[in-house]
Amino acid sequence: MTVDAALAAVPREWFVPDEIFVRDGTGWLVPLRRSDDPERWREAVAGRDPVVTKVEFDPAVPEALRDAATGRGVNAVSSSSAPHIVREMLELLGPAPGMRVLEIGTGTGWNAALIAEITGPRRVTSVEIAPDLAELARRNLERAGYTVRVVTGDGEAGHAGDAPYDRVIATAAVTALPYAWVEQTRPGGLIVAPWGPTFHPDCPVARLEVRADGTAEGRFHVPGWFMPLRDQQSPPAAFDEAEQRWEAAGRPDVRRYGITVGPGRQTVWLDRPDNEV
């Protein structure tokens, strides 16, 4: 089955909760409930953009200024990714029937369902750090008929219990690829992960192949802009710094960048592995 066929078979609507969050006229994230405005809810879910499914107050905003009803002081912490980037990342991943796949960041469960539609039942393990999101994903997947193991835990550790995996995919950005993901992938297997703002302002998606010597290497492919792993948050200034580094390098195409990961070390490079950036 192709990725496009899986997307046609598994509607995002099955997995998005009844309450989502949309930008109001001032840019704040405010709740939109399906029961209050079903047409607008369906329009958002059927659209091309990410759908914010969970928010939290920004601890940097004084409590007196926070207001959930108006969205003041609220940050997005989980979303259903835009369909186009879901498709691009699954094409890079290349799942196939019978493959064992590890997903980092279950969210609503939609991406796990798409992978399971291709691999078949009991081949996908997905790790979600937020217990409420993990439970939501379990219910969504069960209701939709997909047998996926959803593990509540820190995705940086992967999930050794079902390793080795043929494919690993992260739906949260990293600035340092956890070596556990490499260790839990068989030689010849692939890892697909979006990057945080370190060397390029587009926060691109990497695809690495794992080698028999315990290293992984690959290139960056398409812009990503994903929320980060919980313990790999970047300060606001990181985006400006990444753009400055890219400008200083001559604004190279993102596909010229590559990444090599080994025990205790990772190197981002330009054009060739010995040209570290």
Does any donor atom in the side chain of [X] or [Y] lie under 3.5 Å from an acceptor atom in the other side chain?
X	Y	answer
Ser126	Arg138	no
Asp213	Thr215	yes
Glu56	Asn75	no

Q | Closest approach of Trp181 to Gly158 (non-hydrogen atoms, all atoms of both residues) | A | NE1-N, 3.9 Å
Determine all donor-acceptor pairs shorter than 3.5 Å in which one atom belongs to a side chain in residues 192-208; sequence neighbours excluded.
residue : atom : partner : partner atom : Å
His200  : ND1  : Asp202  : N            : 3.0
His200  : NE2  : Trp246  : NE1          : 3.2
Arg207  : NH1  : Leu92   : O            : 3.2

Q.
I'd like to check the side-chain hydrogen bond (donor to acceptor under 3.5 Å, both in side chains) partners of Arg123; sequence neighbours left out, ordered by chain and number.
A. none
Q. Of all residues at least two apart in sequence or in a different chain, which pass the side-chain hydrogen bond (donor to acceptor under 3.5 Å, both in side chains) check with Asp166?
A. Arg186
(Q) Do the side chains of Glu142 and Arg139 get close enough for a salt bridge, i.e. N-O under 4.0 angstrom? (A) no
Q: Indicate yes or no: does Arg149 engage Asp162 in a salt bridge with an N to O separation below 4.0 Å.
A: yes
Which donor-acceptor pairs under 3.5 Å do the side chains of residues 10-17 make with protein atoms, sequence neighbours left out?
residue : atom : partner : partner atom : Å
Arg12   : NE   : Val45   : O            : 3.1
Arg12   : NH1  : Asp49   : O            : 3.2
Arg12   : NH1  : Ser80   : O            : 3.2
Arg12   : NH1  : Ser81   : O            : 3.0
Arg12   : NH2  : Val45   : O            : 3.0
Arg12   : NH2  : Gly47   : O            : 3.1
Arg12   : NH2  : Asp49   : O            : 3.1
Glu13   : OE2  : Arg34   : NH2          : 2.8

Would you mind reporting whether [Y] and [X] have side-chain heavy atoms less than 4.5 Å apart?
X	Y	result
Asp4	Leu7	yes
Arg211	Glu217	yes
Thr125	Tyr165	yes
Phe21	Thr53	no

Listing, residues 227-239 side-chain donor-acceptor contacts under 3.5 Å, not counting sequence neighbours, or none:
residue : atom : partner : partner atom : Å
Gln232  : OE1  : Thr175  : N            : 2.6
Gln232  : OE1  : Thr175  : OG1          : 3.1
Gln232  : OE1  : Ala176  : N            : 2.9
Gln232  : NE2  : Ala176  : O            : 2.9

Q: Measure the CH2-CG distance between Trp269 and Asp271 for me, rounded to the nearest 0.5 Å.
A: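 Here the interatomic distance stands at 8.5 Å.
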(Q) Go through it in stages, so that I can follow the logic: the residues are Arg87 and Glu91, the test is salt bridge (Lys or Arg N to Asp or Glu O under 4.0 Å), and I'd like the CA-CA distance, side-chain angles, deciding distance and then a yes or no. (A) CA-CA 6 Å; Arg87 180 186 183 280; Glu91 291 284 5; 3.7 Å; yes
(Q) Under the rule for salt bridge (charged side-chain N to carboxylate O under 4.0 Å, His left out), what residues qualify as partners of Arg251, not counting sequence neighbours? (A)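 Partners of Arg251 by the salt bridge (charged side-chain N to carboxylate O under 4.0 Å, His left out) criterion, ordered by chain and then number, come out as Glu247.
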Q) What do you reckon, is CD of Glu276 surrounded by more than 12 foreign heavy atoms closer than 6.0 Å? A)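 More than 12 within 6.0 Å, yes.
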